[in-house]
**Student:** 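Would you mind keeping the following structure in view while I ask a few things?
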Amino acid sequence: MYRLRQDKLRQIAEIGERAGLTYAEATYPNHFAFTHTIPELRALYIDRPQPFTEAEFEANPVHAAVAGRLMQIRIQGKAGFANLQQGGKRLQIYIKKDVVGEDALALAKLLDLGDHIGVTGHLFVTRSGETTLQVATITFLAKAMLALPDKYHGLEDVELRYRQRYVDLFMNTGQSAKQTEHGPAPVVANSTEPFATATEATPVVSEAPPPNVREVFVKRAAVLRALRKYFDERGYIEVETPMLVGIAGGAAARPFITHHNTFDIDLSLRIAPELYLKRLVVGGLDRVYEINRNFRNEGVDTSHNPEFTMLEFYQAYANYHDLMDLTEEIVKFVAMEVNGTTIANFNGVEIDLGKWTKLSMREAIIKWWPSEFGDAPSSNCFQSRDLFVQVLRKAAETYLPVFREWSKDVPTAEWSNPQKDGTLVTAIRQMHRTLAAGDAFKKGFVNVIVELAEGAPLGKCIATLFEVVGENPFASNLTQPTIIYDFPLAVSPLSKQKPDEPDWVERFEFYIGGFEVGNAFSELNDPLEQRERFLDQLKERDRGDDEAMHMDEDYVRALGYGLPPTGGEGIGIDRLTMILTGSKSIRDVILFPLLRPQAKQTETAS
RNA sequence: GGACGCGUAGCUCAACUGGCAGAGCAUUCGACUCUUAAUCGACUGGUUGUAGGUUCGAUUCCUACCGCGUCCA
């Protein structure tokens, strides 16, 4: 292939020589003076309510020079049509020997799909009604040495699309015949729908065209633009804080470790900018935001990529109630800027980003209490470990009959304060293992009991129970925009306590489409309390939680200079973009998602 | 880390219950001055992800590994 195309390049050079061009000028020129981009030209004369007619073109000829990549060629002897693509749009061009002459036609015959050319000419309307550029001159700009994917299907192989995003981007622009056949707004092609009921038939996968990849990333840029506009207009300043850090703090996650040679020290890639941004608020930057990458050393799935983009913003004198209002406003604003509507379509479900539900975590647990667990508990069950244990025990005995056998002789006291190797703990662990291959929901529930039996803090158990109940796959509780507020202190080492309930903090997360999109809280600004929280984290770390935080003495010192009451929030940009583009996987909104390297053979010329 | 699924020509896909590995597009050659998934004729293209095993015979069955996807941890 390479050799054949190199031959063509030489022939192209020969044609160029006749026009006085050097080999380089004829094959890889370094300039083309265009008058319009293809999207501009289309917007002016074609993509409008009343496209220009042939009569209008004849009365007022439109001359243009455009450049693009050849996506289709229909040559017919001494004339032919082709489609040039630029900026995700295509323009048909018509090359006729009578007009362009012998050499230009010879050049046209040497062109391959994927080549870049520039053309000059004027617009006309064909008999079949397509506005077309009648070519006067052709300038060869660059050769595609590799064959393009199937012109009808485009590039469909998901792995290839991610590995060779450059091909994905110019093939899947919504312009391929298969994509246009399926309507103007192709949805992400995939089959399984978490929210679909069991009675619905599985859609036929092969019929769905690949998504409009270009559009997804154009929209992603629009999301970022809208967010910057929102914050810039409200007096926030955009900052950039270190990604290479000594202590990776601000979140519960494992960092990547790297090394700086001249200092000869190990550094981490940041897992969150949080602690630096609050230092800036101490420094008097009352409103700051940062949009950039975080790195977390974790696995990959449809909502996780080890590097992901996060927006974090901090606002002095605000608390989490202010941030809840702000959150609704921001999401609505971005949706309107990007899509012109607050309605989003995700996984076949219509989501209204303008309609929000607010529930405290405790309310949510009670409201969404699965009927399989028996009667919902009363709201005071979160007040003490004993009461919580009683509720869980009752639920377990209702939901899982085996539990009745195991626990009937066990006094509540042992539930509350179990022996590490006692019969109860052993039995529960055993049960957890036997469920491993089975029902995930059941397993999640048992997991709460395991945590409880192993002596995890009550708050942590409550948070885990919330996740189980909230993410119940049979209920889709967190699909529509939902704010869950008031978190247990035990899972929130950087948040400020509620004044009247010291075991709970002023924190919320918001969910859309079934997953967490953002996290916010009133910032803990008492340095002594913060030091204690770090020390608690170190204890958790000693107990084996390698996601627990490290002590950050400098951060505590910064708080020592006085952090005003401050509200701070983080929003996952990739996930927000997924919702706004209907992308089912985070990999569909990240240009080059992390993939395992392929140590495969590299194809070369022959 | 586990379960399930997938991997065949550059791309999109076939190949029945184990019996000579095929088609369309792209490529190459030829015809064609309003086509649009252009059309017509001819040709070319393969270590069936990798390595083993069973078998007279493996794309197909078995094992391990590699990569991807989905769900879960």
Side-chain angles (χ1 to χ4, degrees), chain A residues 1-5 7-8 54 70-84 90-100 105 108-114 124-132 134-135 144-164 167-168 171-172 175-181 188-194 202 205-207 209-210 298-304 347 432-433 435-444 446-447 450 467 471 473 514 584-585 587-588 593-601 603 606:
Chain A
M1 177 66 82
Y2 252 91
R3 174 162 300 178
L4 284 166
R5 300 234 163 152
D7 268 0
K8 284 191 177 179
E54 175 62 12
L70 273 169
M71 297 303 288
Q72 290 174 309
I73 299 175
R74 296 177 291 278
I75 210 111
Q76 323 177 54
K78 297 178 180 59
F81 290 88
N83 285 67
L84 273 188
R90 291 185 184 180
L91 177 72
Q92 179 168 268
I93 61 173
Y94 183 49
I95 300 168
K96 195 156 72 161
K97 187 184 167 188
D98 298 348
V99 177
V100 296
L105 190 78
K109 288 194 169 181
L110 289 168
L111 295 174
D112 290 297
L113 291 182
F124 74 106
V125 181
T126 65
R127 273 174 219 157
S128 50
E130 179 159 353
T131 309
T132 302
Q134 169 79 253
V135 173
M145 301 300 280
L146 299 169
L148 261 49
D150 187 290
K151 67 185 170 194
Y152 175 68
H153 295 91
L155 189 63
E156 293 192 337
D157 185 273
V158 174
E159 184 177 352
L160 267 182
R161 288 187 35 228
Y162 296 155
R163 288 193 193 279
Q164 302 185 21
V167 180
D168 192 26
M171 289 306 295
N172 294 319
Q175 303 287 311
S176 79
K178 186 169 183 183
Q179 286 173 321
T180 52
E181 275 172 19
V188 170
N190 240 316
S191 50
T192 45
E193 297 185 3
T202 328
V205 183
S206 61
E207 285 305 310
E298 60 196 8
V300 165
D301 62 36
T302 44
S303 57
H304 292 86
N347 272 341
H432 192 246
R433 267 193 296 274
L435 284 171
D439 178 355
F441 178 64
K442 202 173 278 181
K443 195 176 174 184
V446 175
N447 201 33
V450 171
E467 283 174 26
E471 293 172 14
K584 185 174 146 57
S585 166
R587 283 175 233 104
D588 289 320
L594 184 70
L595 297 177
R596 284 198 152 83
Q598 267 185 329
K600 297 258 294 191
Q601 75 290 348
E603 80 282 15
S606 70

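Chain naming here is simple, since letters A, B, ... match the order of the sequence lines and numbering starts at 1 in each. Computation of the quantities below employed the complete heavy-atom set of this structure, encompassing side-chain atoms and omitting hydrogens, waters and symmetry-equivalent molecules.
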**Student:** Quick one: the side chain of Glu130(A) and the base of U35(B), do they pair up donor-acceptor inside 3.5 Å?
**Tutor:**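 It does not, because no donor-acceptor pair links the side chain of Glu130(A) to the base of U35(B) below 3.5 Å.
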**Student:** As a check on the pairing definition, encode RNA chain B in dot-bracket form, counting Watson-Crick and G-U wobble pairs whose two distances are under 3.5 Å, and using | for partners outside this strand.
**Tutor:** (((((((..((((.....[..))))..((((.......))))......(((((..]....)))))))))))).
**Student:** Is the Tyr94(A) ring parallel, tilted or perpendicular to the Phe124(A) ring (thresholds 30°, 60°)?
**Tutor:** tilted
**Student:** Quiz question: going by heavy-atom distance under 3.5 Å, is there a donor-acceptor pair between the base of G24(B) and the side chain of Asp150(A)?
**Tutor:**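 Yes.
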**Student:** Any chance you could measure Leu113(A), atom CG, to Leu146(A), atom CG, to the nearest 0.5 Å?
**Tutor:** 13.0 Å
**Student:** Give me the distance, rounded to whole Å, that separates G18(B) from U60(B) when you measure between the P atoms they each carry.
**Tutor:** 11 Å
**Student:** Which value, in whole Å, describes the distance between the C1' atoms of nucleotides G30(B) and U17(B)?
**Tutor:** 45 Å
**Student:** G24(B) C1' sits how many Å from Tyr152(A) OH, rounded?
**Tutor:**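 Spelled out: OH on Tyr152(A) to C1' on G24(B) is 12 Å.
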**Student:** Distance between the P atoms of U8(B) and U27(B), in whole angstroms?
**Tutor:** 22 Å
**Student:** So, OP1 or OP2 of U28(B): does either fall under 4.0 Å of a side-chain N or O from Lys8(A)?
**Tutor:** yes
**Student:** Compare side-chain N and O positions of Thr132(A) against OP1 and OP2 of C34(B) and report whether any pair is under 4.0 Å apart.
**Tutor:**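 No, no such contact exists.
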**Student:** Work out how far the P atom of U33(B) is from that of U48(B), and round it to whole angstrom.
**Tutor:**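 Approximately 44 Å lies between the P atom of U33(B) and that of U48(B).
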**Student:** From U35(B), C71(B), A37(B), pick the nucleotide closest to the side chain of Lys584(A)?
**Tutor:**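 Closest nucleotide among those given: C71(B).
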**Student:** Can you tell me the distance, in whole Å, between the NZ atom of Lys178(A) and the P atom of G24(B)?
**Tutor:**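 Going from NZ in Lys178(A) over to P in G24(B) covers 18 Å.
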**Student:** Starting at CZ of Phe441(A) and ending at C1' of A73(B), how long is that distance when rounded to a whole Å?
**Tutor:**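 Roughly 17 Å, once rounded to whole Å.
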**Student:** Sticking with atom P, work out how far C20(B) lies from U39(B), rounded to a whole angstrom.
**Tutor:**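 C20(B) and U39(B) have their P atoms separated by 32 Å.
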**Student:** How would you label the contact of Arg90(A) with the nucleic acid (heavy atoms, under 4.0 Å): base, sugar-phosphate, or nothing?
**Tutor:**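 The answer is nothing, as Arg90(A) stays clear of every strand by at least 4.0 Å.
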**Student:** Which letters describe nucleotides 38-45 of chain B, given B = protein heavy atom under 4.0 Å from base, S = only from sugar-phosphate, - = neither?
**Tutor:** B-------
**Student:** Taking C43(B) as the reference, what is the distance to A23(B) when you measure between their P atoms (whole Å, please)?
**Tutor:** 11 Å
**Student:** Given G69(B), C34(B), U33(B), identify the nucleotide with an atom nearest to the side chain of Lys96(A).
**Tutor:** U33(B)
**Student:** What contact category does Gly154(A) fall into here, base, sugar-phosphate, or nothing, at under 4.0 angstrom with non-hydrogen atoms?
**Tutor:**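 If one applies the 4.0 Å heavy-atom cut-off, Gly154(A) turns out to touch the sugar-phosphate alone, with no base involved.
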**Student:** Between Asp588(A) and Arg161(A), is the closest basic N to carboxylate O distance under 4.0 Å?
**Tutor:**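 Yes, Arg161(A) and Asp588(A) are salt-bridged.
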**Student:** Starting at CG of Asn83(A), measure out to CE of Met71(A) and round the result to the nearest 0.5 Å.
**Tutor:** 9.5 Å
**Student:** What nucleic acid atoms does Arg127(A) come within less than 4.0 Å of, heavy atoms only: base, sugar-phosphate, or nothing?
**Tutor:**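 Answer is base: heavy atoms of Arg127(A) come under 4.0 Å of a base.
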**Student:** With C1' as the reference atom in both, quote the distance from U28(B) to A14(B) in angstrom, rounded to an integer.
**Tutor:** 25 Å
**Student:** What is the nucleic acid contact for Thr302(A), judged by heavy atoms within less than 4.0 Å: base, sugar-phosphate only, or nothing?
**Tutor:** sugar-phosphate
**Student:** Check every strand shown and say whether Arg161(A) touches a base, only sugar-phosphate, or nothing at a heavy-atom separation below 4.0 Å.
**Tutor:**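 It contacts nothing in the nucleic acid.
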**Student:** Please tell me which of Gln134(A) and His153(A) maps to the more 5' nucleotide of RNA chain B, matching each residue to the nucleotide holding its nearest heavy atom.
**Tutor:** His153(A)
**Student:** Which one, A26(B), C68(B), U28(B), comes nearest to the side chain of Arg596(A)?
**Tutor:** C68(B)
**Student:** What's the NZ-C1' distance between Lys109(A) and U28(B), to the nearest Å?
**Tutor:**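 Rounded to whole Å, this separation is 15 Å.
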**Student:** Taking the side chain of Leu4(A) as heavy atoms from C-beta outward, which of U28(B), U33(B), U35(B) is closest to it?
**Tutor:** U28(B)
**Student:** Which nucleotide sits closest to the side chain of Asp157(A): U12(B), U28(B), U35(B)?
**Tutor:**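 Taking heavy atoms from C-beta onward, the closest nucleotide is U12(B).
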**Student:** So what does Asp301(A) hit on the nucleic acid, given a heavy-atom distance under 4.0 Å: a base, only sugar-phosphate, or nothing?
**Tutor:** nothing
**Student:** If I pick the P atom on G10(B) and the same atom on U63(B), what distance separates them, to the nearest angstrom?
**Tutor:** 29 Å
